[in-house]
2 protein chains.
Amino acid sequence: MSKKISESAVRRLSLYLRTLEELDRAGHEAVSSEQLAARSATTAAQVRKDLSVFGSFGKRGFGYTVEELGRALRGILGLTQPWRVALIGAGRIGSALFEYTGFARRGFQIVAVFDSDPAKIGRKWGDSIIHDVAKLERVVSDKDIQIAILAVPVEAVQGVMDQASRAGVRGVLNFAPVRLKVPEGVTVKDVNLVIDLESLTFALSQGF
Amino acid sequence: MSKKISESAVRRLSLYLRTLEELDRAGHEAVSSEQLAARSATTAAQVRKDLSVFGSFGKRGFGYTVEELGRALRGILGLTQPWRVALIGAGRIGSALFEYTGFARRGFQIVAVFDSDPAKIGRKWGDSIIHDVAKLERVVSDKDIQIAILAVPVEAVQGVMDQASRAGVRGVLNFAPVRLKVPEGVTVKDVNLVIDLESLTFALSQGF
DNA sequence: TTGTGTGAATCCCTTCACAGCG
DNA sequence: CGCTGTGAAGGGATTCACACAA
């Protein structure tokens with residue numbers, strides 16, 4: 001039962017959910033597609049189209065119930081279950097991600113941390129011990145981890161990816177600047193800040 | 001003289017450049033659109049279309065000269081000059097970004113770091129002193145900084161953004177999860193890892 | 001012959017506009 | 001009434017296919 005939905009549509013759903021949560025905290029009970037759009041940097045028609053793919057969540061002449069639509073979106077985005085995440089790479093990026101509270105708030109629990117540096121292995125980060133990356137497969141399957149964040153150097157990342165997918169990881173957030181080869185059924189999202197900066201300098205250079 | 005080019009097209013140009021640099025290091029002198037596409041996860045036609053917007057860089061029956069096309073792309077992306085960058089926020093994310101060597105390698109120089117925490121102000125990071133964010137406007141204009149990376153808490157980010165744009169910053173990489181209001185002529189790129197993770201969980205939930 | 005550059009065709013996403021429900 | 005849900009129209013972006021240059 002897989003819906004064909006564009007990447008950008010999914011990102012918009014995410015934004016709607018964030019907006020709804022803000023509205024909820026602010027005490028709003030209802031919201032129109034118009035209002036939701038204005039606060040999510042899109043159009044009313046786009047909001048309605050995006051939602052219509054998954055069902056009818058509004059009442060005509062009224063709008064959407066904030067609480068109800070929020071619950072629906074969490075369901076659509078797969079956020080009703082907490083997700084068990086492995087953080088692979090305990091360097092600068094790994095450390096920043098580990099400390100970041102925004103993940104936990106959304107139900108992403110970092111339940112294991114790995115590194116290959118003997119000086120780091122065995123150290124404690126919060127409640128977690130940094131594991132030897134050699135034990136990746138065992139720990140990932142023991143702890144039933146579904147998502148891995150790869151914050152390792154580019155030379156190491158494909159090897160780590162292979163282990164992770166063998167251990168049953170199905171989703172990956174990859175910080176290394178390479179296109180990973182993955183088996184069918186594994187989804188990768190690349191994060192590449194240099195590309196973001198370059199799209200910025202492109203815009204700046206075109207400005208004159 | 002501004003070309004209307006989609007965000008995703010620019011990201012592809014960035015990828016082509018990276019691929020070309022790899023080919024260059026591997027000693028390749030020429031490359032076809034076919035080869036470039038295969039290594040950049042797109043199609044030959046797409047490569048040719050993307051490039052055709054900016055000129056004719058290839059030779060028929062031959063392909064593209066790696067060195068030449070690389071130079072052209074660096075020009076298009078605005079990477080022939082080094083860019084002076086301010087890092088605002090010396091917390092976990094800021095620290096990870098400061099240490100990241102990938103920026104410097106592409107000509108992005110972090111020439112000033114700011115924070116509002118008195119315990120951090122005055123400390124040295126590498127060759128830089130952490131400045132009081134209150135001095136943002138002066139330092140940014142003195143050092144002729146064009147780009148700011150905003151790694152500050154969500155409550156503070158709009159205020160910092162306002163100061164930065166008053167000081168002449170024209171491009172911003174924003175890590176806070178809010179849509180910034182900016183004056184005409186300022187470009188913002190948002191980085192939001194929670195959204196990336198949510199597009200991952202969406203894909204995983206759809207999988208069954 | 002090979003592989004680019006590019007109009008034409010296609011596909012997909014966004015916007016329009018309105019019927020119809022609450 | 002007011003605002004959703006949705007077919008139809010419109011606009012971009014991708015892919016096709018081929019004339020043509022090296």
Side-chain angles (χ1 to χ4, degrees), chain A residues 2-16 19-20 23 28-73 76 195 199 202-203 206, chain B residues 2-16 19-20 23 28-73 76 195 199 202-203 206:
Chain A
S2 90
K3 311 259 181 191
K4 47 168 175 22
I5 275 285
S6 71
E7 174 64 22
S8 49
V10 176
R11 301 184 75 89
R12 283 195 304 269
L13 294 178
S14 245
L15 287 174
Y16 301 156
T19 301
L20 286 168
L23 289 169
H28 291 68
E29 300 199 341
V31 65
S32 68
S33 57
E34 195 72 57
Q35 298 167 313
L36 196 47
R39 289 168 153 272
S40 311
T42 182
T43 66
Q46 184 71 75
V47 168
R48 297 201 299 274
K49 252 291 186 286
D50 286 340
L51 297 177
S52 75
V53 178
F54 300 97
S56 304
F57 306 105
K59 296 190 233 324
R60 293 169 193 234
F62 170 82
Y64 304 87
T65 305
V66 169
E67 216 267 307
E68 226 170 73
L69 183 57
R71 192 166 37 235
L73 282 176
I76 292 165
I195 291 185
S199 72
F202 172 79
Q206 295 294 308
Chain B
S2 88
K3 311 259 183 193
K4 46 168 176 25
I5 276 284
S6 71
E7 174 65 22
S8 49
V10 176
R11 300 184 75 88
R12 284 196 302 270
L13 294 178
S14 243
L15 286 174
Y16 301 156
T19 302
L20 286 168
L23 289 169
H28 290 68
E29 301 198 341
V31 65
S32 67
S33 57
E34 195 72 58
Q35 298 166 312
L36 197 46
R39 288 169 152 273
S40 312
T42 181
T43 66
Q46 186 71 75
V47 168
R48 298 201 298 275
K49 253 291 186 286
D50 287 340
L51 296 177
S52 75
V53 178
F54 300 98
S56 303
F57 305 105
K59 297 189 232 325
R60 292 170 193 235
F62 170 82
Y64 304 87
T65 305
V66 169
E67 217 267 308
E68 226 169 72
L69 184 56
R71 193 166 38 236
L73 283 176
I76 292 165
I195 291 186
S199 71
F202 172 79
Q206 295 293 310

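The chains referred to below are lettered A, B, ... by the order of the sequence lines, with proteins before strands, and numbering in each begins at 1. FYI, side chains are in, hydrogens and waters are out, and symmetry mates aren't considered; it's all heavy atoms of this structure.
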Of B/Gly55 and A/Arg48, whose nearest nucleotide on DNA chain C comes first from the 5' end? B/Gly55
Could you give the [atom1]-to-[atom2] distance, from [X] to [N], as a whole number of Å?
| X | N | atom1 | atom2 | value |
| --- | --- | --- | --- | --- |
| B/Gln35 | C/dT4 | CD | C1' | 14 Å |
| A/Gln46 | C/dC13 | CD | C1' | 7 Å |
| A/Lys49 | C/dA17 | NZ | C1' | 11 Å |
| B/Glu34 | C/dG5 | CD | C1' | 15 Å |

Donor-acceptor pair, distance only, cut-off 3.5 Å: does the side chain of A/Ser52 make one with the backbone of A/Lys49? yes
B/Gln206 side chain to B/Ala203 backbone, donor-acceptor under 3.5 Å: no
Contacts to DNA chain D from residues 60-70 of chain A, heavy-atom cutoff under 4.0 Å, which residues? A/Arg60, A/Gly61, A/Phe62, A/Gly63, A/Tyr64
Evaluate the side chain to side chain contact (heavy atoms under 4.5 Å, CB included) criterion for residues A/Tyr64 and A/Leu20: first the C-alpha distance (whole Å), next the side-chain angles of each, then the deciding distance (0.1 Å), finally the verdict. CA-CA 10 Å; A/Tyr64 304 87; A/Leu20 286 168; 6.0 Å; no
Side chains of B/Ser33 and B/Arg48, donor plus acceptor under 3.5 Å: yes
Check the side chains of B/Ser40 and B/Thr42 for a donor-acceptor pair under 3.5 angstrom, ignoring hydrogens and angles. no
More than 12 heavy atoms of other residues, nucleotides or ligands under 6.0 Å from CD of A/Glu7: yes or no? yes
Would you say that more than 12 heavy atoms from the other residues, nucleotides or ligands in this model lie under 6.0 Å from the CD of A/Glu34, or not? no
OP1, OP2 of C/dT15 versus side-chain N and O of A/Thr43: anything below 4.0 Å? yes
For C/dG5, does the base pair up with any side-chain atom of B/Lys59 as donor and acceptor (N or O, under 3.5 Å, distance only)? no
Hey, where on DNA chain D does chain B first and last touch, going 5' to 3'? Cut-off is any atom under 4.0 Å from a heavy atom. D/dA13 to D/dA22
Would you compute the distance between atom OH of B/Tyr16 and atom CG of B/Leu69 and round it to the nearest 0.5 angstrom? 10.0 Å
